[in-house]
Amino acid sequence: MSWSGFMNFQKNGSGFSLGKITKQQWLIFLLAGILLAVIALPVEDSGTKEEKGNSLSFSGTEESLEFTQKEALERQMEEMLSQVEGVGQVRVMLSLAEGESVNLYGEESTPKVEGVLIVAEGAGNSVAERNIQQAVMALFPVEAHKIKIMKMI
């Protein structure tokens, strides 16, 4: 359609004209504009408290990074060990070497674990204790005498 054809189309009244917009149409345009503005606003992913506690945070000081990584490692270990037969409920505490880190799980650098304390319901069972000790030694470069497993009350 040429420009002159478009102008003739407008003159015939069968088309869209800015002069004939009703209040409802203006309201629709306004609401559509507000909707587009809201969609364009940046949002922050808040997540749940539990998700934030389990995730590794790579912002802030090196000390807070180590603390967050330590907590994450402890929670992961608690979850895994509590699923092992005969172990029951578990609490894990890691002792970290200051300023040293090792590469675990590929390229991820984590603080070096010097010692591990595990309190477990099934610690009275020698098979469960051996399984716990072997799991810790498989995950971290820690010698057997630096792993203490105690019975939970």
Side-chain angles (χ1 to χ4, degrees), residues 1-85 87-122 131-142 146-150 152-153:
M1 176 186 296
S2 67
W3 182 253
S4 59
F6 178 72
M7 294 303 290
N8 288 335
F9 183 71
Q10 289 289 347
K11 287 180 185 177
N12 293 336
S14 58
F16 181 78
S17 172
L18 287 177
K20 296 182 180 178
I21 295 179
T22 65
K23 287 182 181 180
Q24 285 181 331
Q25 290 171 327
W26 277 113
L27 183 62
I28 290 172
F29 285 136
L30 176 67
L31 291 176
I34 292 172
L35 178 64
L36 289 174
V38 169
I39 290 173
L41 289 175
V43 292
E44 182 179 322
D45 182 25
S46 60
T48 64
K49 266 189 175 179
E50 190 173 311
E51 288 173 354
K52 282 188 174 182
N54 289 339
S55 67
L56 296 178
S57 172
F58 293 104
S59 62
T61 65
E62 188 172 313
E63 186 176 301
S64 67
L65 174 63
E66 283 185 8
F67 185 68
T68 305
Q69 286 180 327
K70 177 186 173 194
E71 283 183 332
L73 290 171
E74 289 172 346
R75 298 301 162 249
Q76 287 175 337
M77 189 157 217
E78 286 174 4
E79 288 177 26
M80 293 305 296
L81 289 175
S82 67
Q83 295 177 15
V84 175
E85 183 179 354
V87 174
Q89 188 178 0
V90 179
R91 295 286 301 175
V92 174
M93 182 176 176
L94 300 176
S95 173
L96 305 178
E98 290 203 25
E100 295 183 46
S101 63
V102 293
N103 288 336
L104 297 176
Y105 315 116
E107 298 177 12
E108 183 180 334
S109 179
T110 60
K112 183 179 179 191
V113 177
E114 282 190 329
V116 181
L117 171 63
I118 297 175
V119 180
E121 287 179 331
N131 287 338
I132 291 170
Q133 186 178 42
Q134 288 175 350
V136 171
M137 291 173 68
L139 291 173
F140 304 112
V142 177
K146 293 188 177 185
I147 301 169
K148 180 65 178 173
I149 302 167
M150 302 175 76
M152 184 179 283
I153 56 170

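Along the sequence shown, residues carry numbers from 1. In what follows, every heavy atom counts, from backbone to side chain, and hydrogens, waters and symmetry copies are set aside.
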What are the two closest heavy atoms between [X] and [Y], and how far apart are they?
{"X": "K146", "Y": "V142", "result": "CB-CG1, 3.6 Å"}
{"X": "E78", "Y": "R91", "result": "OE2-CA, 3.6 Å"}
{"X": "E79", "Y": "Q83", "result": "O-CG, 3.3 Å"}

### Message
Within the supplied structure, the quantity of interest is the number of heavy atoms (other residues, nucleotides, ligands) at a distance under 6.0 Å from I153 CD1; does it exceed 12?
### Response
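Open.
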### M152, CE: over 12 other non-hydrogen atoms inside 6.0 angstrom
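Enclosed.
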Looking at [atom1] of [X] and [atom2] of [Y], how far apart are the two atoms once the value is rounded to the nearest 0.5 Å?
{"X": "I28", "Y": "L35", "atom1": "CD1", "atom2": "CG", "answer": "13.0 Å"}
{"X": "I149", "Y": "L117", "atom1": "CD1", "atom2": "CG", "answer": "9.5 Å"}
{"X": "L94", "Y": "F140", "atom1": "CG", "atom2": "CZ", "answer": "5.0 Å"}
{"X": "L73", "Y": "L96", "atom1": "CG", "atom2": "CG", "answer": "8.0 Å"}
{"X": "E74", "Y": "M93", "atom1": "CD", "atom2": "CE", "answer": "7.0 Å"}
{"X": "T22", "Y": "Q25", "atom1": "OG1", "atom2": "CD", "answer": "3.5 Å"}

### Task
For E114, enumerate each residue passing the side chain to side chain donor-acceptor pair (under 3.5 Å) test, keeping only those at least two apart in sequence or located in another chain.
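If we apply the side chain to side chain donor-acceptor pair (under 3.5 Å) test to E114, skipping adjacent residues, there are no hits.
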#### Entry: Candidate pair I132 and V87, rule side-chain contact (heavy atoms from CB on, under 4.5 Å), full reasoning
CA-CA 8 Å; I132 291 170; V87 174; 3.9 Å; yes
#### Entry: side-chain contact (heavy atoms from CB on, under 4.5 Å) evaluation trace for M77 with V136
CA-CA 8 Å; M77 189 157 217; V136 171; 3.1 Å; yes
